[in-house]
Amino acid sequence: MTPRLRFAPSPTGYLHVGGARTALFNWLYARRHGGAFILRIEDTDVARSQAEMVTGILDGLRWLGIDWDEGPEIGGPHAPYFQSERLERYRAAARALLDSGQAFEDGGAIRFKVPPGKTAFTDRVHGPIEFDNEHIESFVILRSDTHPTYHLSVVVDDIDMAITHVVRGDDHISNTPKQVLLYHAFGKTPPSFAHVPLIMGPDKQRLSKRHGATSVMEYEKQGYIPEAMFNFLALLGWGTGSNDELFTRDELIQQFNLDGISGGNAVFNVEKLDWFNHQHLVRLSDDEIVARLRGARLDAWGLGTDTRSASMLALLRPRCKKLTDLPDQLRPFFEDPAAYDADAIKKQLSLPGCADHLRALRGSYEQVEWSEAALERALRELADARTIKAGLLIHGTRIAMTGRMVSPGLFEMLIVLGRDTVLRRLDRLAAFL
RNA sequence: GUCCCCGUCGUCCAGAGGCCUAGGACGUGGCCCUUUCAAGGCUAAAACACGGGUUCGAAUCCCGUCGGGGACGCCA
């Protein structure tokens, strides 16, 4: 039997990292075993659900690279995939339970009649779990407004959609016996369950708004790339068993297994996400980086796939953590400095004669062979001739080029900038001083 | 309060009775490289919650304690 897994969010308007990780585990397992990954929207709470809110979740999944085989927008053999469109199914199921004496009416609602005894199931991450039915109250399955509650709709849909594995958050463990009871009442065998630990904030409290971003799309805005988020989330609560940490989606698919999921909660560690982001960013091709750096400013600059752009990216790649770092670091390659950092001037160019030194360098650079080695040699020879430190010219030139004290390696940057630009900027700074 | 889950470095993950003087990664400190900032290389500090068992031997099994988390809705 090929596995069929599903991610069944309620439409809250965005995909939070916890949900994303759950979706990811389900997806990974389905892809690993050649099964199906189904997306189902649990919008039975009329008061809180709105159709537009679904797009936020779909966008989040798509951004992460999680595609679905059945669900919204594409349909499938078990359509519809919105619970609000399956209400008749639930009503019929509740009626059947009523007819067989396994449920009873209570004030207009229908409650499930919990039998005495114990209810047990084997969890793929926690092992055997058993509940005494006396701790399970006769729960409502159909509200008095004839809308189903979560327990009923999940079980009916998972049966209808032939779901074989339910991978969801730890917080559902105590709901599971109720659902197992429903499977039995319908004469069905429950799927296999895997309850994955929750994601916590740095204070070990459940992740929430006050911890900062909780929506995956929020991370995109901050410059994180999906490859990194995917890798990071996959390793939160799960390990490959090896010492490696950096993986592509395909590598993760090859290695994923439910049994490797750990039982304890996991803290969302942004510093580690940053590291993953840098590592994956460095591995992105120039084309991919350029494609993801959309924006009017980049278009105006003409950053593209030419060799000059490639040279810039080669210099910048090891220096950026987020995609959003790039535009600022790219600016010196396209625009003369609009201003000079006051601290930089003060620290590096406060001595008298600096302007003269820079003019001398400009003179030298007018003729010199345009190669890294030659530019450095010329600069150091000039420094010797004038008995000043090479650092003065190096830092001065850096400020002339960027307006700041920080930049990629000076000489490699000068090569990319080109002689005309370098001479012009040297003149401008000398004049400014 | 009741029920359930969990408890290895600050954080994430290894470890499924001897291979553990507990390993890797992030972060942190130091060193190297160096024209700045990064990146990179090397290196250091850093953990088996506690108490009882079982066993020749326990981070690994059992019990208890403590600690953390979750669930107890006509929310999902």
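Residue numbering restarts at 1 for every chain, and letters A, B, ... go by the order of the sequence lines. Remember, it's a predicted structure, so these values are computed and weren't measured experimentally.
Taking 4.0 Å as the cut-off between side-chain N and carboxylate O, A:Arg404 and A:Asp341 do not count as a salt-bridged pair. Between A:Asp356 and A:Arg359 there is no salt bridge, since no side-chain N of the basic residue sits under 4.0 Å from a carboxylate O of the acidic one. A:Arg377 has no carboxylate O lying under 4.0 Å from a charged side-chain N of A:Glu381, or vice versa, which leaves the two without a salt bridge.
Counting non-hydrogen atoms under 4.0 angstrom, A:Leu142 reaches nothing in the nucleic acid. Residue contacts shown for A:Gly263 are limited to sugar-phosphate atoms, with no base heavy atom under 4.0 Å away. Within the nucleic acid shown, A:Arg206 comes within 4.0 Å of sugar-phosphate atoms alone, with no base atom in reach, counting heavy atoms only. Here A:Phe131 lies in heavy-atom contact (under 4.0 Å) with sugar-phosphate atoms only. Using a 4.0 Å heavy-atom distance criterion, A:Gly107 is classed as a base contact. As judged by a 4.0 angstrom heavy-atom cut-off over every strand, A:Ser262 is placed among residues touching the sugar-phosphate backbone only. Base contact: A:Leu410 has a heavy atom under 4.0 Å from a base atom. Looking at heavy-atom distances under 4.0 Å, A:Glu137 makes contact with sugar-phosphate atoms alone, never a base. When heavy atoms are screened at a 4.0 angstrom cut-off, A:Pro408 is found touching base atoms of the nucleic acid. Nucleic acid contact class of A:Gly409 (heavy atoms, under 4.0 Å, all strands): base.
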Restricting to nitrogen or oxygen on both sides, can you table the protein-nucleotides 26-31 of chain B pairs closer than 3.5 Å?
from  : atom 1 : to       : atom 2 : distance (Å)
B:C26 : OP1    : A:Trp275 : NE1    : 3.3
B:C26 : O2'    : A:Glu271 : O      : 3.4
B:C26 : O2'    : A:Lys272 : N      : 3.2

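Atom NZ of A:Lys113 sits in a crowded spot, with more than 12 heavy atoms from other residues, nucleotides or ligands closer than 6.0 Å.
In the set B:C4, B:A71, B:C6, the nucleotide with an atom closest to the side chain of A:His126 is B:C6. Nearest nucleotide to the side chain of A:Ala109, out of B:C5, B:C74, B:A71: B:C74. Among B:G70, B:A76, B:U35, the nucleotide with an atom closest to any side-chain atom of A:Leu198 is B:G70. Among B:G73, B:A76, B:C4, the nucleotide with an atom closest to any side-chain atom of A:Tyr150 is B:A76. Closest contact between the side chain of A:His172 and the listed nucleotides B:A76, B:U35, B:C4 involves B:A76. Side-chain proximity of A:Val140 to B:A25, B:C74, B:C13: nearest is B:C74. Side-chain atoms of A:Asn265 lie closest to B:G69 of the nucleotides B:A38, B:A71, B:G69. Listed nucleotides: B:C5, B:C12, B:C74. Nearest to the side chain of A:Arg111: B:C74. Side-chain proximity of A:His151 to the nucleotides B:C3, B:A76, B:A38 is greatest for B:A76. Listed nucleotides B:A38, B:C74, B:C3 differ in distance to A:His135; the shortest reach to its side chain belongs to B:C3.
If you run ring-ring contact (aromatic ring centres under 6.0 Å, His included) between A:Phe230 and each of A:Trp27, A:Phe247, A:Phe25, only A:Trp27 comes through. A side chain to side chain donor-acceptor pair (under 3.5 Å) with A:Asp157 is found for exactly one of A:Gln83, A:His78, A:Arg6, namely A:Gln83.
Under the Watson-Crick or G-U wobble criterion, with both distances below 3.5 Å, B:C56 is paired with B:G18. Checking B:U36 for Watson-Crick or G-U wobble geometry (two distances, each under 3.5 Å) identifies no partner in any strand. The partner of B:C74, taking Watson-Crick or G-U wobble pairs whose two distances both stay under 3.5 Å, does not exist in any strand shown. Across every strand in view, B:A44 sits in a pair with B:U28 that passes the Watson-Crick or G-U test at under 3.5 angstrom. Using N1 to N3 plus N6-O4 or O6-N4 for Watson-Crick, or N1-O2 and O6-N3 for G-U wobble, each under 3.5 Å, B:G67 pairs with B:C6.
The minimum heavy-atom distance between A:His147 and A:Thr44, with the atom names listed, is CD2-O, 3.8 Å. The two atoms that bring A:Lys209 and A:Thr214 nearest to each other are N-CG2, 4.0 Å, heavy atoms only.
Taking the centre of each ring, A:Phe139 and A:His151 come in below the 6.0 Å mark. Not less than 6.0 angstrom separates the ring centroid of A:Phe7 from the ring centroid of A:Trp68. Taking the centre of each ring, A:Tyr219 and A:Phe268 come in below the 6.0 Å mark.
Using atom P as the reference point in both B:G40 and B:G53, the two lie 50 Å apart (nearest Å). To the nearest whole angstrom, the two P atoms, one in B:A39 and one in B:G1, are 49 Å apart. Of the P atoms belonging to B:C32 and B:G51, the separation is 43 Å, rounded to the nearest Å. Spacing between B:A58 and B:C63 at atom C1', rounded to whole Å, works out to 15 Å. Rounded to the nearest Å, the gap between the C1' atom of B:U8 and that of B:A22 is 8 Å. Rounded to a whole angstrom, the distance from the C1' atom of B:G15 to that of B:G7 is 15 Å.
Summary of the strand contacts: A:Phe268 and A:Arg398 both lie near RNA chain B, and taking for each the nucleotide with the nearest heavy atom, the more 5' one is attributed to A:Phe268. In this structure, A:Trp238 and A:Asn243 both approach RNA chain B, and ranking their closest nucleotides by distance from the 5' end singles out A:Trp238.
Residue A:Met200 contributes atom CE, which lies 18 Å from atom P of B:G10 at whole-angstrom precision. In this structure, CD1 of A:Ile199 is placed 16 Å from P of B:U11, rounded to the nearest angstrom. Atom CZ in A:Phe121 sits roughly 11 Å away from atom P in B:C4 (whole-Å rounding). Computed from coordinates, the A:Met405 CE to B:A38 C1' distance equals 15 Å when rounded to whole Å. Atom CG in A:Leu316 sits roughly 14 Å away from atom C1' in B:U36 (whole-Å rounding). B:A76 atom P lies 13 Å from atom CZ of A:Arg168, rounded to whole Å. Summarising the geometry, the separation between CG on A:Asp171 and P on B:C4 is reported as 17 Å, rounded to the nearest angstrom.
One cannot find a donor-acceptor pair under 3.5 Å joining the base of B:G69 and the side-chain atoms of A:Gln205. The base of B:C37 lies outside donor-acceptor range of the side chain of A:Ser407, with no N or O pair under 3.5 Å. A donor-acceptor contact under 3.5 angstrom links the side-chain atoms of A:Asn175 to the base of B:A76.
For the pair A:Lys178 and B:C72, the criterion of a side-chain N or O lying under 4.0 Å from OP1 or OP2 is not met.
Atom CZ of A:Arg319 and atom CG of A:Asp325 lie 12.5 Å apart (nearest 0.5 Å).
With contacts defined as side-chain heavy-atom distances shorter than 4.5 Å, the pair A:Glu245/A:Gln279 does not qualify.
Contacts between residues 375-385 of chain A and RNA chain B, defined by a heavy-atom separation under 4.0 Å, are made by A:Arg380.
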